[in-house]
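Note: hydrogens, waters and symmetry copies are ignored here, and every other heavy atom, side chains too, is used. Naming: A, B, ... by sequence-line order, numbering from 1 per chain.
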Amino acid sequence: MIKQLLLNIMLTLVWVMLTGEFVFGNFVLGFVLSYGILWLISIQEERKRYFTRVPAIISFGFFFLYELLKANLQVAYDVITPRLFVKPGIVQYPLDAQTDLEITFLTNFISLTPGTLILDVSGDRKVVYIHVMYLEDKEAFIRQLKNGLEKRLLDILR
Amino acid sequence: MKSIILKTASTYLLPLLLLFAVFILLRGHYNPGGGFVGGLIASIAFVLHAFAHGLVETKKMLRFVPSACIPVGLAISLISGFVPMAIGRPFMSGEWLSVQVPIIGSIGTPLFFDIGVFLVVIGITLTILFTISDGIL
Amino acid sequence: MLIAVLLGFVFAPLWNLLGRWIKGSFSWLPALLPAGLFLYFASLYPVTQNGPLLTSTPWIPSMGVNLDFRLDGLSLLFALLITGIGTGVFIYASYYLKGHRHLDRFFAYISFFMASMLGVVLADNLLLLIIFWELTSISSYFLIGFDHEAAKSRRNALQALVITGLGGFLLLAGFVLIGTVAESFSIAQLLGTAGSLQNHPLYGWMLALVCAGAFTKSAQFPFHFWLPGAMAAPTPVSAYLHSATMVKAGVYLLARFTPMLGGTDYWQYTLISFGGITMLYSAFHAMHRKDLKEILAYSTVAALGMLVFLLGIGTQQALLAAGVFILTHALYKATLFLVAGMLDHETGTRHIEKLRGLRKVMWPVAIAGGIAALSSAGVPLTYGFIGKDLIYDATLKAINWPWVLTAVALVTNILVLYAGFQAGIRPFTGPLPDHHRTLHLPNARLWLPACVLALLCLAFGILPALTNGLAGAVASAIANTPVDAHLAIWHGFNTVLALSGLTLLAGFLLYGWFAPPEGKLQQRWEHLSPESLYRKAGQGFTWFAGKYTRLLHNGNLRSYVFSIITFIILLLGTKILTGVHLYFDRRAVVGGLRLYDVVIFVVTLAAIWKSISTNSRITAVASLGVVGYCICLLFVIYSAPDLAMTQFTIDTLTVVLFVLVLFRLPRFLRINDKLWQDGILAALFGGLISLIALGALNEPTTKETSEFYAENAYLLAKGKNIVNVMLVDFRGFDTMIEITVLSIAALGVYSLMKLRISSDNKE
Amino acid sequence: MTDQYLLLPVLGHLTIAIALIFCWRRILVQQIISVAGNLLVLIMSIALFHKTWHQGHLTLQAGNWQAPFGITFVSDTFSATMLLLTAFTGLAVSMYSTVGISKNRIQYGYFPILHFLLVGLNGAFLAGDIFNLYVWFEVIIISSFVLMTLGGKKPQVEGGIKYVTLNLLASVMFLTAIAILYGLTGSLNMADLSLKMSGVSNRGLADIAGLLFFIGFGIKSAVFPLYFWLPSSYHTPPSAVAAVFGGLLTKVGIYALIRVYTLIFIPDDFTRTVFLIIASLTLLTGALGALIKENMRTLFSYLIVCHIGYLLGGLGLYTHLALAGTIFYLVHDVIVKTNLFLITGLVNKIRGTMNTEQQGGLYDQYPRLSILMAIVLFSLVGIPPLSGFWPKINLFRESMAYHAWYLLVAMILASFVTLFVIARLWGNVFWKKAPALESSPPDSFAGLSKGRKFMLVTPVVMLVLLSLYIGFFAERINVLSDRIAHELLDPAPYIKSVLGPDAVPATQTR
Amino acid sequence: MNLRDYLTWVILPMLSLSVILVAYRFFKGPRIVNRVIALDLLITIGIGIITIFSIQANQATFLDDAMILALIAFLGTVAFSYYLEKRKGND
Amino acid sequence: MELLLLILIGVFYATGIFMMLRRSMVKLLIGIILLGNGANLLIFLLGGITRGKPPIIPEAEKALTGAYADPVPQALILTAIVISFGLQSFAIVLLKRVHVLIQSDDLNDLNTPDTSI
Amino acid sequence: MIDILIMIISTVGALVVLIAAIGIVRMPDFYLRLSVTVKAATLGVGLLLLSAAVYFATLPVATKVFAITFFLILTAPVAGHMIGRAAYITGTKLWKHSVVDDLEGKYDKDTLELRSDIDQADREGELPASNT
Ligand code: NA
Ligand code: NA
């Protein structure tokens with residue numbers, strides 16, 4: 001119930017921002033539209049404590065940007081220099097994330113980080129398979145991901 | 001296709017895309033967009049959902065049979081054309097109300113016409129795609 | 001007169017409605033129709049003596065087609081024959097076909113025919129004439145095919161229709177030509193300006209087309225063979241249509257056109273040669289036939305040839321002879337047909353070797369047959385004698401080669417005598433075979449008409465002056481100048497009499513001594529006969545049609561496309577090479593190029609190339625996607641954001657569509673033949689389009705519509721995106737229809753995928 | 001003169017079609033709505049014809065935008081006549097379809113799509129805007145695609161592929177022509193184009209644009225050598241569908257051709273010669289094809305091709321009389337060809353086959369029906385004074401006047417072959433005894449109830465009466481054709497009615 | 001050098017070069033998967049080009065097209081993946 | 001750019017026809033799509049192309065002034081694109097149906113209705 | 001000043017895009033190419049968009065730029081996952097110098113069900129709760 005309302009308000013805001021007109025009428029219109037759409041597609045799953053940890057989000061954002069830049073530079077360097085340093089491999093990575101949303105968030109962020117790409121999630125949602133460009137040590141890679149990205153992300157989501 | 005990631009993504013993309021579709025529809029008179037593109041985007045949203053969740057799920061989620069949009073949309077467009085005739089002007093003359101609404105601008109028969117187009121496009125795209133993918137998605 | 005003509009058409013369906021009575025005891029009822037009409041026309045005889053009787057009723061004045069009728073000597077003679085012999089035939093048929101399950105239909109057809117025939121001879125308008133002309137062909141078709149379950153009937157009916165139908169179309173062309181040249185379709189007006197057509201540069205065509213109509217209808221060599229084939233019809237029909245009336249329509253036509261087209265050398269040579277050959281050819285054939293009706297058919301053809309021949313000679317004597325011979329021939333030939341029909345009806349055979357001594361069981365028939373045969377031979381005191389006299393008189397007084405023409409006439413007459421005797425006398429002479437002893441005299445309704453006609457032969461033969469007025473009127477009408485007729489038995493001892501005597505003598509000797517072997521002639525020359533040549537030509541034509549049709553329409557879509565594109569290239573190429581000025585304006589065409597333009601261009605070209613050259617379907621689809629996205633980019637750069645959006649969404653959807661369908665389909669066919677041929681054609685086509693586009697690009701254009709939209713989109717239509725305003729307002733109707741198109745497509749997809757019809761014949 | 005209700009026949013069908021989609025699965029309701037709707041549209045069309053006849057050109061500016069800025073619809077005598085013919089055909093086919101079309105097809109949208117097709121046809125006849133005409137053509141082809149393949153049997157879809165491909169090619173050519181035309185003039189309104197064409201300096205390009213239209217419309221009207229799709233496909237759909245196709249689809253191509261070649265372009269000598277030669281070849285090709293076909297509908301398909309030659313020939317001759325003849329022939333052809341395919345359907349219902357060799361005995365079994373059919377067949381041949389005869393006089397006459405002897409020969413030969421094949425058909429189907437086949441399908445006509453028989457036969461009777469009317473009251477039709485030819489050759493009133501009285505067409509030598 | 005020229009002579013050529021490179025991969029393949037990612041990248045670069053072009057032409061309107069591209073390109077890739085899984089590599 | 005577009009249009013028409021002349025049904029369809037693109041570009045080109053000036057009236061103004069792209073061809077192409085989409089969808093499905101019935105991609109296998117009497 | 005900023009941002013963006021383009025040409029196997037393209041392009045285009053936002057400096061444009069970037073970030077990894085997975089299933093080979101392939105043999109040939117191979121013993125007891 002609350003989730004629906006939140007989603008609704010969020011969509012209304014997106015609407016207003018998209019249209020760029022901060023008029024009362026536009027809020028109403030946006031609310032009505034998103035209400036209609038939500039009614040149309042009714043998503044069943046309920047989720048608790050939707051977003052509470054704003055600071056965690058901000059910190060995660062900076063962390064992610066840092067990772068992004070670092071890895072991008074690495075790839076860029078590799079691409080424009082004549083020799084290739086890549087040591088690719090597909091790694092099975094056990095998940096702590098459980099819900100679909102958690103998994104999706106996690107995988108998306110892993111993929112967005114250069115050098116790593118999610119290929120698939122196992123049917124039982126226990127592991128993901130990650131393609132890694134610079135794989136020096138499999139165990140170290142897994143550990144680093146566990147304590148870095150996944151932990152921070154789950155802190156936000158749970 | 002059994003992908004949790006795609007499923008989740010499409011679940012959240014769907015309302016966004018639909019909202020966007022309506023946005024594109026309504027602003028068409030002032031900016032690029034309009035009933036066609038709006039309708040196409042809305043249908044793409046559903047098609048994406050169908051790819052992720054399977055056709056059966058998508059149909060279950062929809063509160064209407066997509067093909068029903070066709071006659072309804074056609075009827076809306078046609079009626080918006082007939083309205084001016086009722087007051088003695090040629091078929092499809094633009095008739096405008098004096099109120100102004102944000103984004104949309106003036107409310108008039110062309111707007112309803114475009115809404116009809118929007119519905120028809122959703123109806124036909126979904127009918128075609130759902131019919132073809134019946135049993136394979 | 002209009003009513004007189006139309007009565008037959010009115011009664012035709014009526015007989016059908018009265019079917020039950022007609023098939024019962026009221027079968028004589030229809031005969032009242034021709035009888036009444038005969039009396040009507042007979043009553044008009046005095047009126048026609050003072051010149052033609054004309055009536056006119058407007059029908060289609062804007063096309064110059066009116067219900068104009070004329071009754072002059074010529075028409076009257078034919079009208080009387082049609083109704084008079086018609087009466088006899090109706091009565092005869094009412095018994096001959098008694099109990100036939102389609103007797104009502106028979107009377108319907110034959111009334112219809114009678115009316116059409118009356119129309120032909122009475123029409124005073126060329127187009128009206130051709131209408132009735134075609135109707136006679138059609139009704140003849142139905143009558144020949146009356147016994148339609150027999151394959152032979154159907155075949156012969158079709159054959160007759162084909163020949164006369166072709167003639168009809170040619171005649172129509174001829175009439176239209178004459179009408180165009182003379183600026184009138186009215187016969188009266190044409191007769192009034194007679195003489196002007198002969199000098200027209202297209203005279204030859206007029207003559208050829210009219211003759212084509214006349215010769216096919218009147219069974220002139222080499223179109224004659226449909227007539228013996230038409231004997232598949234019931235005998236009353238043969239007697240009526242194929243001896244007395246319809247076949248003479250061609251003769252009538254030539255007679256009618258004598259003043260308008262006649263009198264020239266072309267006319268003479270054409271008619272005389274066709275008529276002469278026909279006479280000899282068919283008289284000779286008549287001698288070799290054993291089937292009663294075939295003998296009569298061929299002798300009829302000979303008589304028709306004689307008539308054409310006489311019209312070709314074209315002197316007053318010849319025209320008079322033709323007029324009298326029409327009557328003579330109609331009387332005796334109808335009689336002979338009726339007799340033949342009775343013999344067939346009673347004995348069940350028409351083979352002359354099997355028919356002997358029948359005078360003993362059916363004497364009135366024998367008398368009728370005998371008189372008719374004598375008349376055909378031209379024995380004095382029969383009307384045939386008068387006719388023959390006039391013919392010799394005409395040939396002897398012909399302008400060119402009188403003796404040659406006379407010899408032709410003589411030979412024909414001798415042979416015709418033989419044929420007449422074979423049909424009218426031989427069956428009744430000699431001993432009666434045993435199996436014919438049980439026969440008895442048929443109903444009077446059968447023999448009475450024949451006897452009446454035979455008596456007329458005799459009556460006119462003894463008192464030829466009775467027909468002076470009519471014969472004169474006929475000749476006058478044909479010649480378009482007053483001609484007096486003085487018919488008499490005795491003209492003194494002269495060449496004509498000698499020729500008549502010679503005819504009789506030679507004929508009797510031939511009849512007495514000569515018995516042609518059966519079928520030998522036909523067997524030997526069959527493959528050269530016009531009929532078999534016609535069949536071969538027909539087969540050849542059909543063979544050609546098959547080859548041609550299958551060559552073009554061979555079932556391969558690509559060959560269709562190939563032909564169409566070739567045609568387009570030839571058509572437009574010819575036009576461009578012959579009459580289009582194209583030039584290349586460097587500034588307008590090349591100016592303002594940017595790097596990304598070139599990149600987009602190159603990528604598009606490469607993607608197109610990939611999409612046509614790849615062997616993988618999915619790669620082709622992906623390449624198409626690239627093509628689409630490049631176009632989308634072009635649209636953005638060249639100021640069409642709406643187009644770009646639509647192009648992009650639709651391209652993506654098309655990819656989805658392809659993907660959903662494609663994986664169920666087999667791989668691309670690996671056969672890739674005719675690459676060069678197709679490639680060159682396609683390149684030519686593309687080049688052509690580019691060239692045309694270049695031309696159009698260089699043309700300056702006004703932009704007043706776009707300017708109107710730019711100025712008024714917001715002020716009048718309250719929108720700022722002009723393209724969208726056009727779509728929903730200025731040109732909203734297009735959009736309305738466009739969504740209709742989409743809806744139909746969706747319904748189509750739905751039904752195509754979901755509907756399965758199991759049963760084979762369900763529609 | 002402006003007429004707000006000009007579009008009623010179009011909008012009427014559109015409304016009916018939409019209403020029919022709303023009652024998607026209800027067969028009886030659909031049948032009733034369709035027949036009643038067609039009757040209604042017939043009345044509207046008669047009213048429109050009446051009004052056009054008495055008041056001259058009627059126009060409607062859709063959306064109230066003055067020409068050439070909006071989309072214009074014009075009803076002149078030609079359009080109104082075509083509308084009337086379409087209405088009669090529509091009514092006949094709709095009635096016939098209630099029994100002649102299987103329930104399955106009705107459940108899958110037969111009736112709405114039939115009405116959509118009629119929408120397209122009526123719209124095309126009224127369109128006064130070249131791009132709008134294109135869109136109407138698309139309505140026509142897409143609905144014909146659907147009707148062609150509805151049921152999805154093998155020959156249907158096989159023929160459908162060819163039909164679809166070649167018609168799409170035609171659409172592309174049409175669109176290409178529009179592009180060139182817009183590039184040359186910057187206008188789409190046909191009346192406006194008529195004025196602007198005279199200002200185009202590059203005459204050759206204008207002729208090229210015209211020829212592109214000729215190719216586009218030529219494919220649609222199935223002239224040689226663009227006809228291939230027709231004999232590949234017309235015999236595959238149900239007879240009722242084939243009847244609309246046979247009666248109207250190729251004619252709308254000819255209509256458009258006549259329209260653009262009288263209003264926008266004037267054929268130069270080259271184009272006229274092309275038309276005449278193509279017409280002759282069309283006549284011959286159709287005739288030769290008809291000669292060798294044993295399947296009734298294939299045979300008739302070739303006859304459609306053949307007889308298009310008369311129409312194109314008349315346009316190529318391009319004189320008043322020739323155009324009048326063409327119009328007359330068009331009027332005759334629409335009614336007769338429709339009826340021809342309807343009776344084919346009846347024969348098929350009775351005998352269960354379209355092959356003439358396997359048919360027979362109809363004359364004995366159904367004499368009255370046979371006579372009815374005979375009238376249709378002989379009208380087609382043009383046995384005078386039935387309807388097909390009259391126009392030939394003008395066409396013969398003008399081809400002589402123009403010294404187009406080859407056209408004359410082709411017309412005579414085509415008439416002759418038509419006569420021959422029809423007579424042969426009559427012999428085979430009606431006269432001959434039905435061959436006693438072990439597996440001959442049952443007569444599915446005899447078993448029908450009186451009411452259903454009525455629905456099947458009434459349309460045939462109606463159309464027979466119409467063609468008899470055309471034949472016997474040829475004066476009326478001739479006056480009509482004459483007036484249409486006059487209007488076509490003098491477009492000034494058309495232009496003035498669209499663009500206002502001040503629009504002055506350049507004096508053109510015609 | 002003003003902004004417009006800079007975009008025209010530096011940024012757009014860079015993007016054009018990228019297009020050429022990606023197109024090369026598209027045409028070279030090998031196999032459809034490589035083409036699909038190349039196609040995806042082409043569209044992404046297309047978004048960039050449109051963005052730069054909108055600055056250059058001073059027309060924010062074109063960003064709407066970029067938005068549509070961003071939204072929808074995804075569907076194409078999903079469809080291709082779907083095809084590949086169904087066909088299991090059989091082109 | 002006009003020159004490049006001219007060439008491109010010619011290539012679209014040529015390859016479209018070339019593909020229609022192949023024996024494969026799928027290629028036929030690709031040909032139809034290419035032809036349609038060619039026709040659209042032709043309209044676009046002949047309507048006159050303008051860089052970077054879409055026919056949209058700016059926020060503050062009430063009418064479009066100066067140089068701008070001709071909206072008419074754009075509206076026409078838009079209609080044409082959408083219509084082609086409808087027709088192509090139908091054609092694709094028809095193709096699928098044909099394939100289900102004859103199990104072949106070869107157009108030469110499609111001549112039942114032509115060669116049957 | 002603003003112009004300089006735009007130039008810098010757009011140059012960086014274009015460079016990133018260019019590197020991705022070079023990468024897709026140079027990388028030896030499919031997975032590496034995919035890896036390079038997905039994010040490099042996202043980042044690059046994001047920067048280009050940012051430059052547009054700076055240039056126009058209006059809220060609607062900023063919103064649009066935000067929306068586009070958001071969509072790209074949301075969809076690009078998913079798309080990469082989809083096509084990468086499809087590629088693996090259809091047998092696209094890894095580069096010959098690849099270090100490890102944990103995925104090998106994990107897809108069920110018929111159902112394409114992906115196994116995890118950890119806690120084989122546990123699997124019998126607790127089946128995933130929300131398996132569709
Ligand atoms: Na490197
Ligand atoms: Na131009």
Is there a side chain to side chain contact (heavy atoms under 4.5 Å, CB included) between G/H81 and A/L117? Walk through the geometry before answering. CA-CA 7 Å; G/H81 148 65; A/L117 180 84; over 6 Å; no
Exceeds 12 heavy-atom contacts within 6.0 angstrom, atom NZ of A/K146: yes
Would you mind telling me which of [options] has the largest number of heavy-atom pairs within less than 4.5 Å of chain G?
| options | result |
| --- | --- |
| A/A76, A/G115, A/P88 | A/P88 |
| A/V86, A/V14, A/L135 | A/V86 |
| A/N72, A/I90, A/V91 | A/I90 |

Side chains of residues 9-24 of chain G: which donor-acceptor partners sit under 3.5 Å, not counting sequence neighbours?
from  : atom 1 : to   : atom 2 : distance (Å)
G/S10 : OG     : G/I6 : O      : 2.8
G/S10 : OG     : G/M7 : O      : 3.0
G/T11 : OG1    : E/Y6 : OH     : 2.5
G/T11 : OG1    : G/M7 : O      : 2.4

Go through the steps for G/R85 and A/L119 under the test side chain to side chain contact (heavy atoms under 4.5 Å, CB included), then give the verdict. CA-CA 5 Å; G/R85 169 185 134 110; A/L119 286 182; 5.5 Å; no
With a 4.5 angstrom heavy-atom cut-off, could you sort out which part of [X] is near chain A: side chain, backbone, both or neither?
| X | result |
| --- | --- |
| G/L32 | both |
| G/Y31 | both |
| G/V38 | side chain |

Which residue out of G/A86, G/P77, G/G84, G/G80 racks up the most heavy-atom pairs below 4.5 Å with chain A? G/P77
Using a 4.5 angstrom heavy-atom cutoff, name the option from G/L43, G/V25, G/T42, G/D29 with the most pairs to chain A. G/L43
Within residues 62-73 of chain G, which positions have a heavy-atom distance to chain A below 4.5 Å? G/T63, G/A67, G/I73
Would G/L34 and A/H131 count as a side chain to side chain contact (heavy atoms under 4.5 Å, CB included) here? Give the steps. CA-CA 10 Å; G/L34 180 62; A/H131 178 265; over 6 Å; no
Which atoms of A/V121 approach chain G - backbone, side chain, both or neither, heavy atom under 4.5 Å: backbone
Side chain G/R26, main chain A/I80, donor-acceptor under 3.5 Å: no
Residues forming a salt bridge (Lys or Arg N to Asp or Glu O under 4.0 Å) with A/K138, sequence neighbours excluded: G/D102
Side chains of residues 103-111 of chain A: which donor-acceptor pairs under 3.5 Å do they make with residues two or more places apart or in other chains?
from   : atom 1 : to     : atom 2 : distance (Å)
A/T104 : OG1    : A/D100 : O      : 2.6
A/T104 : OG1    : B/T8   : OG1    : 2.9
A/T107 : OG1    : A/I103 : O      : 2.8
A/T107 : OG1    : A/T104 : O      : 2.8
A/N108 : ND2    : G/L74  : O      : 3.4
A/S111 : OG     : A/T107 : O      : 3.3
A/S111 : OG     : A/I118 : N      : 3.1

